[in-house]
Amino acid sequence: MNIIKELRKEKGISQQQLAELCCVHQTAVSQWENGRTVPDTNSLKLLANALGVSVETLLGIDKPNDNRIQGFMHLTAATARKLLGESELFALTASDNGMSPTIQLGDTVIVKRCPEPENGSLVAVAIGNNAVTVKKLIKKDTSILLVSENPAYEPMLFTFEEIRTTPIVIIGKVIEMRRTF
């Protein structure tokens with residue numbers, strides 16, 4: 001299967017939605033997926049951002065990381081710590097519809113560093129070496145539950161032991177969402 005089609009379906013978005021994100025007509029997406037044409041440089045960049053992968057992945061230079069957590073631009077916990085340092089605020093861009101309808105593909109969320117957010121908060125969380133993602137935090141007596149608003153995405157349950165050994169790191173609390181029209 002064509003990588004563009006595969007990633008689009010994995011994200012749960014239509015050709016029309018992808019076309020809008022890439023500022024092209026739906027026919028262009030169809031032609032890319034069927035191998036009739038290839039995206040130009042600008043479209044490749046927009047496409048990579050919309051699908052949450054690198055341009056290299058789209059070109060077949062490297063393979064997509066099938067083990068990454070879906071939801072936000074790929075940023076490992078180690079990279080997040082390195083890039084963010086002690087920054088109190090940072091932004092993430094949604095690369096799928098896991099938190100839809102509140103946060104949609106392409107929306108930007110502003111996150112405030114907060115290692116112990118209250119129960120029910122939307123949080124940015126790093127899971128092991130996977131991507132930082134945004135989920136609703138539900139605290140239990142012996143575990144936490146990370147929940148997507150979109151029912152197509154399964155909740156993730158972690159015991160306190162798994163939180164320690166994986167590790168699961170709550171980076172901060174979502175305090176604002178920005179959407180470009």
What is the minimum heavy-atom distance between Met177 and Thr102, and which atoms define it? CE-O, 3.8 Å
So, does Asn150 use its side chain to make a donor-acceptor pair with the main chain of Tyr153 at under 3.5 Å? no
Walk me through it: do Glu33 and Val29 pass the test side-chain contact (heavy atoms from CB on, under 4.5 Å)? CA-CA 6 Å; Glu33 289 184 357; Val29 174; 3.8 Å; yes
Less than 4.0 Å between a side-chain N and a carboxylate O, is that true for Glu118 and Lys173? yes
Val134/Leu92 under side-chain contact (heavy atoms from CB on, under 4.5 Å): CA gap, chis, key distance, verdict: CA-CA 9 Å; Val134 170; Leu92 297 172; 4.2 Å; yes
When Gln26 is tested against each of Gln15, Gln16, Gln17, Gln31 for side chain to side chain donor-acceptor pair (under 3.5 Å), which residue passes? Gln15
Closest approach of Ile4 and Pro39, non-hydrogen atoms and distance? CD1-CG, 4.2 Å
Does Asn119 reach the main-chain N or O of Lys139 with its side chain, forming a donor-acceptor pair under 3.5 Å? yes
Please step through side-chain contact (heavy atoms from CB on, under 4.5 Å) for the pair Trp32 and Asn2, ending with a clear verdict. CA-CA 8 Å; Trp32 298 339; Asn2 178 289; 5.9 Å; no
Rounded at 0.5 Å granularity, tell me how far CG in Leu46 sits from CG in Leu18. 10.0 Å
About how many Å separate NZ of Lys136 and OG of Ser148, when rounded to the nearest 0.5 Å? 11.5 Å
Taking the side chain as everything from C-beta on, heavy atoms only, tell me whether Asp40 gets closer than 4.5 Å to Leu44. no
When you measure from the side chain of Ser121 to the backbone N and O of Pro117, does any donor-acceptor pair fall under 3.5 Å? no
Under a 4.0 Å threshold between the charged nitrogen and the carboxylate oxygen, would Arg164 count as salt-bridged to Glu162? no
In Leu145, Leu146, Ile138, the residue satisfying side-chain contact (heavy atoms from CB on, under 4.5 Å) with Pro155 is Leu145
Taking it one step at a time, do Val123 and Val174 satisfy side-chain contact (heavy atoms from CB on, under 4.5 Å)? CA-CA 5 Å; Val123 296; Val174 175; over 6 Å; no
Any donor and acceptor pair, going by atom type alone, linking the side chain of Arg179 with main-chain N or O of Asp107 inside 3.5 Å? no
Report yes if some heavy atom in the side chain of Phe158 is under 4.5 Å from a heavy atom in the side chain of Ser143; otherwise report no. no
Can you tell me which residue among Val125, Leu122, Ile144 is in a side-chain contact (heavy atoms from CB on, under 4.5 Å) with Leu137? Ile144
Would you check if Pro101 and Glu149 make a side-chain contact, meaning some heavy-atom pair closer than 4.5 Å? yes
Hydrophobic clusters here meaning ILVMFWY residues chained together by side-chain heavy-atom distances under 4.5 Å, can you tell me if Met156 and Phe160 are in one? yes
Verify, without hydrogens or angle tests, whether Asn34 (side chain) and Ser30 (backbone) share a donor-acceptor contact under 3.5 angstrom. yes
